[in-house]
Amino acid sequence: SLWAGMSQPSTNPLRQAMDAVGAEVEWKRYDGWGVYFPDGYFRFNVGPADQPGGFEDVLRKFGEPGGGLAEWAKLQELIRPLILSCT
């Protein structure tokens, strides 16, 4: 649900299965997500990754110097065909 969302039709496989069987649920929306790990706590806002407080800010803070954003962009490039195949 973090990647594709579930409160509206999306590429999320669980959401697609629920739509296929006509399941209806009350969705709870959230505005961010946080994680504790050995190097500290991080939280990013839901929405565009390049907006203030978004995932790219987290990568700048915790990622390898100069590498986190490049690795994230490469991952997005690699999984794009998979995402497109689900739409």
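When a residue number appears, it is its place in the shown sequence, counting from 1. Any value given below was found using the heavy atoms of this structure, including those in side chains, with hydrogens, waters and symmetry copies removed.
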Are [X] and [Y] packed together at the side-chain level, in the sense that at least one heavy-atom pair is separated by less than 4.5 angstrom?
X: L69; Y: R60; result: yes
X: K28; Y: E26; result: yes
X: W72; Y: E77; result: no

**OP:** Indicate, with yes or no, if L84 and L78 share a hydrophobic cluster defined by side-chain heavy-atom contacts under 4.5 Å among Ile, Leu, Val, Met, Phe, Trp and Tyr.
**Re:** no

**OP:** Considering non-hydrogen atoms only, spot the tightest contact between S10 and Q16 and give its length.
**Re:** O-NE2, 3.3 Å

**OP:** Flag the pair D57 and R43 as a salt bridge only when some basic side-chain nitrogen lies within less than 4.0 angstrom of an acidic carboxylate oxygen.
**Re:** no

Original post:
Under a single-linkage rule joining Ile, Leu, Val, Met, Phe, Trp and Tyr whose side-chain heavy atoms are separated by less than 4.5 Å, which residues share a cluster with Y36?
Top reply: Y41

Original post:
Considering residues at least two apart in sequence or located in another chain, which fulfil the side-chain contact (heavy atoms from CB on, under 4.5 Å) criterion with A23?
Top reply: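 For A23 the side-chain contact (heavy atoms from CB on, under 4.5 Å) partners, ignoring immediate neighbours, are M18, V21.
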
**OP:** Rounded to the nearest 0.5 Å, what's the gap from CD1 on I79 to NZ on K74? Could you check?
**Re:** 12.5 Å

